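Computation of the quantities below employed the complete heavy-atom set of this structure, encompassing side-chain atoms and omitting hydrogens, waters and symmetry-equivalent molecules. For clarity, every value in this text was computed on a predicted model and none was experimentally measured.
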Amino acid sequence: MKYNFTAIEKKWQDIWDEKNAFIAENDYTKKKYYALIEFPYPSGSGLHVGHPRPYTALDIISRKRRMQGYNVLFPMGWDAFGLPTENYAIKHKMHPADVTKQNVARFKSQLISLGLSFDWSREINTTDPEYYKWTQWIFLRLFKKGLAYKKEMSVNWCTHCKVVLANEEVIAGECERCHGEVIHKAKSQWMLKITDYADKLLDDLETVDYIERVKLAERNWIGRSYGAEVDFSTTAGDKLRVFTTRADTLFGATYMVIAPEHPYIEKWRSNLKNYEQITAYREQATKKSDFERTELAKDKTGVKLDGVTAINPVTNKEIPIFVSDYVLITYGTGAIMAVPAHDERDYDFAKAFELPIVEVVAGGDITKEAFTDVDSGIMINSGFLNGLEVSAANEKMAEFLTENGLGEKKVNYKLRDWIFARQRYWGEPVPLVWCGCCGWQPIDESELPLRLPEVTSYEPTDNGESPLAAITDWVSTTCPKCGTPAKRETDTMPQWAGSSWYFLRYCDPHNSDFFAARETLDYWMPVDWYNGGMEHATLHLLYSRFWSKFLYDEGLISCPEPYLKRTAHGMILGEDGEKMSKSEGKAINPDDVVRDYGADTLRLYEMFIGDFEKSAPWSTKSVKGCKRFLERFAELSTMITRDKDGDLERELHLTIKKVTNDIEDMKFNTAIAAMMSLINSIYAKGGIDKESLMLFITILCPFAPHICEEMWENLGGKGLCSLTSWPQYNEEKTKVDEVEIAIQINGKVKSAVTVPSDCDEATAFGIIERSGRLTAFTEGKTIVKKIYIPNRIFNIVVK
RNA sequence: GCACCUGUGGCGGAACUGGCAGACGCGCUAGAUUCAGGUUCUAGUCGGGGUAACUCGGUGCAGGUUCAAUUCCUGUCAGGUGCACCA
């Protein structure tokens with residue numbers, strides 16, 4: 001068979017489409033399998049070679065599951081709201097919806113050309129009003145439960161995009177997208193109380209099968225820490241409350257620090273002799289961008305409060321209070337007790353300001369550095385804690401504080417609430433109305449979807465308002481509660497909104513009465529296998545788990561966790577091992593690869609490139625190796641022999657076994673290597689019998705489906721190869737009669753010998769002795785020990 | 001700074017639960033086919049020594065455990081990713 005990939009691939013893509021080969025039926029009698037990849041943002045630049053890697057991987061899983069008899073849901077859609085589309089629209093004077101339409105069409109044709117077995121009848125688009133109707137509906141549900149609230153706060157403002165960013169979108173003081181400078185700005189924002197779900201999000205990680213590094217990233221991001229809150233009396237006559245995880249070191253607290261934004265600065269205004277100096281410092285601190293604050297992290301700055309001091313509740317000593325930006329208003333109580341002997345930051349600060357350093361945990365050398373080890377220290381200079389280990393002291397101090405009304409145990413999280421607003425046009429409108437007398441009111445559900453108004457200008461504004469704010473006839477409305485004139489919220493939702501529930505919509509994408517019918521959700525959910533990028537572990541993955549848990553608590557879905565299994569793929573780098581950048585013209589266009597080598601070759605290569613979880617550099621030369629393999633494979637149809645060959649049959653069954661198992665472990669590269677070895681053996685033998693070849697075609701089919709369909713048809717296979725049964729390997733047929741094992745002397749390989757497979761130690765040793773290969777090594781020595789690993793090794797220890 | 005991950009031929013990468021390191025592919029070398037180039041086929045390809053059978057060394061580095069270590073442990077160096085003063 002001549003390998004005309006262009007014709008073959010088009011032919012089979014059309015046939016799959018005509019025959020609805022990959023449509024997922026809601027047939028509840030069948031066992032289901034839901035495979036999911038992260039739906040892409042349809043950018044203007046089209047598909048990147050990075051996209052096919054995870055798509056092909058789960059396509060292989062989906063195709064194998066279908067062949068194993070599962071009812072498979074493998075859907076695709078578009079996460080299409082977002083800044084680049086809006087910016088492109090502004091630049092080219094188009095409507096973002098039209099830009100989206102264009103980009104989606106291009107992406108879709110590219111994906112189809114890769115032979116991915118998506119169920120296109122379930123295609124969704126987050127910018128479709130029929131879709132975002134339900135995004136808004138879920139938001140209203142959150143609002144009505146008190147999980148959405150508006151808060152005046154210091155936000156991350158990208159000076160370039162002119163938009164507020166979530167903490168997760170700020171990377172080292174720069175905007176994640178445009179790398180513009182990010183500064184702090186006060187703004188009233190919609191927030192979602194994801195922190196209410198911190199414990200569930202953390203604890204339920206135990207119930208799911210995610211790769212460890214994803215779990216780790218989420219755990220660190222949520223950052224739960226157990227400690228205590230302690231009240232310190234002040235000379236202003238009130239109490240200053242701090243959070244600490246080291247209550248055991250309370251005897252060593254020699255000063256206190258409050259964040260520059262701490263409200264007590266205003267409260268103590270009349271007591272503070274240096275109020276001016278303090279507010280000047282506060283000004284300076286808030287003006288700093290995150291980047292500057294990070295840069296200056298090593299050099300501690302601050303101002304001592306003149307006029308208010310505190311009392312250490314266990315030593316009863318008077319200690320000074322400082323204001324310093326190394327204490328964050330957003331964590332704990334915004335104030336700390338400083339124990340310089342046992343905290344690095346406090347140590348640095350104490351050194352800079354020449355404050356006393358009192359050792360309360362013995363074991364380090366506090367003249368050199370803070371001793372922070374919690375596993376080996378013993379308490380000293382600590383009254384009733386002396387002699388205890390740190391953990392016991394911590395526990396005892398917490399009890400002491402509680403009993404004496406000085407404080408209590410407390411859990412804190414790094415996780416912050418989710419800023420759920422953007423000052424942009426191309427996003428879901430927030431379906432709330434501000435009424436002067438009734439406050440924020442949800443619009444009636446019957447008015448959903450609240451559509452984006454058709455306008456001609458989407459330019460962002462310098463004042464931080466959304467472009468929607470300028471559209472007065474859209475903004476002006478009436479209060480749903482009292483009917484008086486009111487104004488709509490003009491911020492839109494962040495890009496993460498639509499993707500927080502999209503996997504639910506796939507279950508029932510055309511439902512106009514509900515986000516998805518319960519029976520479809522109960523059948524298809526949860527997702528059995530979800531693959532996506534590592535970069536989403538603390539963003540999309542956490543957000544979507546949060547929304548799922550909320551919908552579960554609302555009784556709207558039946559699974560508390562949306563994804564049973566989560567894996568992550570590595571990036572595809574440029575040939576130079578660096579990130580493939582479009583700007584430098586180094587990017588490989590998948591269309592070119594499909595045109596020059598074919599989709600099957602591209603699929604195979606992306607799976608063969610290396611460990612799926614690790615990043616790997618692209619190599620056009622290596623692509624040829626995969627092409628060669630497929631050409632040799634196509635040639636097999638002219639090499640059919642009449643009789644079966646025993647060796648080949650055994651290797652075939654071993655290959656079926658390896659491919660079957662490797663797919664489950666995402667070890668696609670070794671599965672392909674095994675099939676390459678098999679083809680080498682077939683060529684060495686000069687041919688293969690037809691029955692064996694048909695099995696070979698079947699196991700290659702998930703990887704290179706077009707060529708397999710073509711050969712399957714040419715050789716008279718029944719129906720579609722893609723829908724035939726996955727072959728069972730025969731364990732008996734994988735066995736060999738004899739096996740070569742290595743002979744080791746004192747652990748070093750010296751020789752080899754052929755023995756019957758699975759034979760016992762005595763038999764093996766007998767054969768080795770008789771072979772005469774031992775005498776040179778054992779002469780004049782005694783055998784101390786024999787170690788025999790059947791079918792592998794015989795190690796003889798001599799002296 | 002802290003946490004996590006990764007270090008194996010010229011290159012991408014294999015190696016089950018500790019059991020013959022370098023599968024498979026690329027590249028390279030030689031030969032065959034071809035007017036020639038390309039393609040294809042055959043053989044070889046970790047390093048040192050030997051015509052060869054063979055032999056010694058070898059998985060970032062230094063130790064350790066073991067009959068046996070790429071795999072486990074300790075230390076160390078290098079690269080990558082994440083978090084970034086989280087008390």
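In this structure, A/F322 and A/Y255 have perpendicular ring planes: the angle between them is above 60°, well past the 30° mark. Under the 30°/60° scheme for interplanar angles, the aromatic rings of A/H342 and A/F371 are found to stand perpendicular.
Among the nucleotides B/rG12, B/rA23, B/rC67, the one closest to the side chain of A/P617 is B/rG12. Proximity note for A/K621 (side chain, C-beta onward) versus B/rG27, B/rG57, B/rA15: the nearest is B/rG27. Checked against B/rA84, B/rG13, B/rG19, the side chain of A/A616 finds its nearest nucleotide in B/rG13. Taking every side-chain heavy atom of A/S622 into account, B/rC26 is the closest of B/rA14, B/rC26, B/rA84.
Side-chain N/O atoms of A/K300 and base N/O atoms of B/rC85 include a donor-acceptor pair closer than 3.5 Å.
Ring to ring, A/Y597 and A/F5 are not that close: their centroids are 6.0 angstrom or more apart.
Taken to the nearest 0.5 Å, the CZ atom of A/R241 stands 10.0 Å off from the CG atom of A/L406.
Both A/A217 and A/A673 lie near RNA chain B, and the one whose nearest nucleotide falls closer to the 5' end is A/A673. Projected onto RNA chain B by closest heavy-atom contact, A/A335 and A/V739 fall at different nucleotides, the more 5' of which corresponds to A/V739.
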Would you mind building the protein contact string for nucleotides 36-49 of chain B? One character per nucleotide, 5' to 3', B for base within reach (heavy atoms under 4.0 Å), S for sugar-phosphate only, - for untouched. ----SS--------
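For the residue pair A/S757 and A/N791, no side-chain donor N or O sits within less than 3.5 Å of a side-chain acceptor on the partner. For the residue pair A/Y729 / A/T655, no side-chain donor-acceptor distance below 3.5 Å is found, with atom types taken as modelled.
Salt bridge status for A/D199 with A/R224: present, with a side-chain N to carboxylate O gap under 4.0 Å.
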What would the secondary structure line of RNA chain B be in dot-bracket form, counting Watson-Crick and G-U wobble pairs under 3.5 Å, with [ ] for pairs that cross earlier ones and | for pairs with another strand? (((((((..(((......[....)))((((((.......))))))((((....))))..(((((..]....))))))))))))....
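In plain terms, the two heavy atoms of A/D348 and A/K300 that are nearest each other are CB-CG, 4.0 Å.
Classified by its glycosidic torsion, B/rG31 falls in the anti category, the angle being over 90° from 0.
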